[in-house]
Student: 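Attaching a single structure in structure tokens format; questions to follow.
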Amino acid sequence: MALRVGLTGGVASGKSTVSSMLVGLGALLIDADVLAREVVARGTPGLDAVVAEFGPSLLTPDGDLDRPAMGALVFGDSEQRMRLEAIVHPLVHERMAALEAGAGVDDVVVHDIPLLAESGRSDTFDAVVVVDCPVDLQISRMMSERGWSRPEAESRIAAQASREDRLAIATHVIDNTGTLEELRDRVVAVFGELRELAVTKAREAI
Ligand SMILES: CC(C)(COP(=O)(O)OP(=O)(O)OC[C@H]1O[C@@H](n2cnc3c(N)ncnc32)[C@H](O)[C@@H]1O)[C@@H](O)C(=O)NCCC(=O)NCCS
Ligand SMILES: Nc1ncnc2c1ncn2[C@@H]1O[C@H](COP(=O)(O)OP(=O)(O)OP(=O)(O)O)[C@@H](O)[C@H]1O
């Protein structure tokens, strides 16, 4: 079995930036945010289940999930968020397992999972990479890069595990307080370590 790596970090910490760099270095990526979109795309049983739970007012006129409206609902109310997660997460886990089954024995498979610390599943990975930066920097990135207001940005932070909780599950920490060039150097170093772990795991499996 391939080396299974969990990649996590708070909202706007730089996970997608890191995962793109890892893919450029040869990792296979399974992105939970992408899967979470696919399983509620128009015409899916997942979207039918969301409509059955929340009603049709959370659809756009085209019949897609109205993501900003759903975000406004669930990031202000943890009960609503749990109702949505109870529909989406099992569907995401199914898709993850199916995608992973196609990986080669000495591949490095990176699962980008924003909520890995919250899920309690970090032990199921061979390595856990945490992209880390201070909360203030997450907030300023959400406001400048995504155009969210400060309350919107703060409500996403409040919906997630703390920085300390994420660091507690890390086997590798990638600091993302510097420039993109500095980030790249750190990602290259960590990928080198993951490659070695993948080779060792593949040898042990023989
Ligand atoms: C509420 C939704 C529709 C808002 O969509 P939107 O396009 O605005 O955000 P997007 O999906 O791109 O998520 C952006 C970031 O928000 C954070 N986030 C998303 N869902 C959650 C959640 N349930 N709890 C805490 N943070 C979350 C993550 O850091 C994620 O990377 C969407 O986030 C969603 O369906 N969430 C539930 C599914 C989920 O838990 N996804 C996370 C990975 S499985
Ligand atoms: N070191 C950096 N310097 C400057 N900008 C950065 C840096 N790292 C990330 N960014 C920018 O900050 C924003 C957030 O980064 P990214 O999308 O990678 O975060 P994320 O953790 O995947 O976010 P989300 O949790 O919302 O999926 C992006 O616009 C990205 O280009």
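For the numbers below, each heavy atom of this structure counts, side chains included, while hydrogens, waters and symmetry mates do not. These numbers were taken from a predicted model, which means no experiment stands behind them. Note that ligands are numbered from 1 as they come in the structure, with each ligand's atoms numbered from 1 the same way.
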Student: Can you name the closest pair of heavy atoms from L137 and T177 and give their distance?
Tutor: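 Nearest pair, atom of L137 first, then T177: CD2-CA, 3.8 Å.
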
Student: So which atom in A12 and which in R146 form the shortest heavy-atom distance, rounded to 0.1 Å?
Tutor: CB-NH1, 4.2 Å

Student: In sequence, state the C-alpha distance, the side-chain angles, and the governing distance for K15 and D112, and then conclude on salt bridge (charged side-chain N to carboxylate O under 4.0 Å, His left out).
Tutor: CA-CA 7 Å; K15 291 179 302 301; D112 182 338; 5.3 Å; no

Student: Could you tell me whether R83 and E79 have a side-chain N and a carboxylate O separated by less than 4.0 Å?
Tutor: no

Student: Checking a contact table here: which protein heavy atom is nearest atom 1 (N) of ligand 2, and how many Å away?
Tutor: N176 OD1, 2.8 Å

Student: How long is the span from the OG atom in S16 to the CG atom in D31, to the nearest 0.5 Å?
Tutor: 6.0 Å

Student: For ligand 2, is there an atom lying under 4.0 Å from some heavy atom of G178?
Tutor: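 It does, in that a heavy atom of G178 comes within the 4.0 Å cut-off of ligand 2.
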
Student: Among protein heavy atoms, which sits nearest to atom 20 (P) of ligand 2, and what does the distance come to when rounded to 0.1 Å?
Tutor: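 Here the nearest protein heavy atom works out to K15 N, 3.4 Å.
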
Student: For the residue pair R163 and P134, what are the closest heavy atoms and their distance?
Tutor: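 Between these two residues, the closest heavy atoms are NH1-CA, 3.5 Å.
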
Student: Suppose we measure from atom 12 (O) of ligand 2 to each protein heavy atom; which comes out shortest, and what is that distance?
Tutor: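 In this structure, atom 12 (O) of ligand 2 has R141 CD, 3.3 Å as its nearest protein heavy atom.
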
Student: Please report which non-hydrogen protein atom sits nearest to atom 36 (N) of ligand 1, along with the residue it belongs to and the distance in Å to one decimal place.
Tutor: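 For atom 36 (N) of ligand 1, the nearest protein heavy atom is L84 CD2, 3.9 Å.
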
Student: To check your reading of the model: name the closest protein heavy atom to atom 19 (O) of ligand 2, its residue, and the distance in Å.
Tutor: G14 N, 3.2 Å

Student: Can you list the atoms of ligand 1 that are under 4.0 Å from a heavy atom of V11?
Tutor: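 Those qualifying, in numeric order: 29 (O).
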
Student: If you compare all heavy atoms of E152 against all heavy atoms of S155, which two are closest, and at what distance to 0.1 Å?
Tutor: O-OG, 2.9 Å

Student: Do I169 and L115 belong to the same hydrophobic cluster, where Ile, Leu, Val, Met, Phe, Trp and Tyr are linked whenever their side-chain heavy atoms lie under 4.5 Å apart, directly or via other members?
Tutor: no

Student: Tell me which part of T179 gets within contact of ligand 2: side chain, backbone, both or neither, using heavy atoms under 4.0 Å.
Tutor: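 Contact part for T179 vs ligand 2: backbone (N, CA, C, O).
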
Student: Distance to 0.1 Å, residue and atom name: give those for the protein heavy atom nearest to atom 38 (C) of ligand 1.
Tutor: V88 CG1, 3.8 Å

Student: Under 4.0 Å from a heavy atom of A159: which atoms of ligand 1 are those, numbered in the order shown and with their elements?
Tutor: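 Listed by number with element: 25 (C).
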
Student: To which of H89, R67, R37 does the heavy atom nearest atom 12 (O) of ligand 1 belong?
Tutor: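 Nearest heavy atom to atom 12 (O) of ligand 1 lies in R37.
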
Student: Does anything in residues 93-109 pair up under salt bridge (charged side-chain N to carboxylate O under 4.0 Å, His left out), and if so which pairs, sequence neighbours excluded?
Tutor: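 Passing the test, one end in residues 93-109: R4-E100, E38-R95.
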
Student: Could you pull out, from R184, R156, R146, M142, the option with a heavy atom nearest to atom 14 (C) of ligand 2?
Tutor: R146

Student: Kindly confirm or rule out an N or O of L183 lying under 3.5 angstrom from an N or O of ligand 2.
Tutor: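 No: no nitrogen or oxygen of L183 is under 3.5 Å from one in ligand 2.
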
Student: Looking at atom 25 (C) of ligand 1, what's its closest protein heavy atom, distance included?
Tutor: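 Result for atom 25 (C) of ligand 1: L115 CD2, 3.5 Å.
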
Student: Starting from atom 19 (C) of ligand 1, locate the nearest protein heavy atom and write down its residue, its atom name and how far away it is, to 0.1 Å.
Tutor: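 I find the closest protein heavy atom is F75 CZ, 3.7 Å.
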
Student: Tell me the protein heavy atom at minimum distance from atom 27 (O) of ligand 2, and give that distance in Å.
Tutor: D33 OD2, 3.4 Å

Student: Check whether any N or O atom of R156, backbone or side chain, sits under 3.5 Å from an N or O atom of ligand 1, and answer yes or no.
Tutor: yes

Student: Output the list of atoms in ligand 1 that are nearer than 4.0 Å to some heavy atom of R81, sorted by atom number.
Tutor: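 With R81 as reference, the close atoms of ligand 1 come out as 22 (C), 23 (N), 24 (N).
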
Student: Tell me whether ligand 1 is touched by E118 - counting only heavy atoms on the residue side and a distance under 4.0 Å.
Tutor: no

Student: Take every heavy atom of G10, measure it against each atom of ligand 2, and state whether any distance is under 4.0 Å.
Tutor: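 Right, G10 reaches ligand 2.
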
Student: Taking atom 23 (O) of ligand 2 as the point of reference, which of P114, S13, A12 owns the nearest heavy atom?
Tutor: A12

Student: Please report the closest heavy-atom contact between A32 and M96, naming both atoms and the distance.
Tutor: CB-CE, 3.9 Å

Student: List the atom of V130, the atom of A170, and the distance in Å for their closest heavy-atom pair.
Tutor: CG2-CB, 3.5 Å

Student: Which heavy atom of the protein is the closest neighbour of atom 41 (N) of ligand 1, given with residue, atom name and distance?
Tutor: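 Nearest protein contact, heavy atoms only, for atom 41 (N) of ligand 1 is A36 CB, 4.0 Å.
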
Student: May I ask you to decide whether D132 forms a salt bridge with R166, counting only side-chain N to carboxylate O separations under 4.0 Å?
Tutor: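 A salt bridge is absent here (no side-chain N lies under 4.0 Å from a carboxylate O).
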
Student: What protein heavy atom is closest to atom 28 (C) of ligand 1, reported as residue, atom name and distance in Å?
Tutor: Q160 NE2, 3.4 Å

Student: Test your reading of the structure: does V11 have an N or O sitting under 3.5 Å from an N or O of ligand 2?
Tutor: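 No, V11 has no N/O under 3.5 Å of an N/O on ligand 2.
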
Student: Could you give the distance from CD1 (I87) to CD (E53), rounded to the nearest 0.5 Å?
Tutor: 5.0 Å

Student: Look only at the side chain of Q160 and the backbone of G10, and say whether a donor-acceptor pair between them is shorter than 3.5 Å.
Tutor: no

Student: To the closest 0.5 Å, what do you measure between CG (L35) and NE2 (H93)?
Tutor: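 Nearest 0.5 Å value for the CG-NE2 distance: 10.0 Å.
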
Student: Against heavy atoms of D33, which atoms of ligand 1 measure under 4.0 Å?
Tutor: 30 (C), 31 (O), 42 (C), 43 (C)

Student: What protein heavy atom sits nearest atom 28 (C) of ligand 2, and how far away is it?
Tutor: E145 CG, 4.2 Å

Student: Any idea which protein heavy atom is nearest atom 31 (O) of ligand 2, and the distance to it?
Tutor: T17 OG1, 4.3 Å

Student: Considering only Ile, Leu, Val, Met, Phe, Trp and Tyr, and joining two whenever side-chain heavy atoms are under 4.5 Å apart, list the other residues clustered with V129.
Tutor: L3, V5, L7, V18, M21, L22, V23, L25, L29, V108, V110, V131, I174, L180, L183, V187, V188, V190, F191, L194, L197

Student: Measure the distance from atom 4 (C) of ligand 2 to every protein heavy atom, then report the residue, atom name and distance (to 0.1 Å) of the closest one.
Tutor: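 Looking only at protein heavy atoms, the one closest to atom 4 (C) of ligand 2 is L180 CG, 4.2 Å.
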
Student: Give me the nearest non-hydrogen protein atom to atom 1 (C) of ligand 1 as residue plus atom name, then the distance to 0.1 Å.
Tutor: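 I find the closest protein heavy atom is V74 CG2, 3.7 Å.
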
Student: Salt bridge check: are R150 and E154 linked by an N-O gap of less than 4.0 Å?
Tutor: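 Salt bridge present between R150 and E154.
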
Student: Atom 23 (N) of ligand 1: which protein heavy atom is closest, and how many Å away?
Tutor: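 Sorting protein heavy atoms by distance from atom 23 (N) of ligand 1 puts E85 OE2, 2.6 Å first.
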
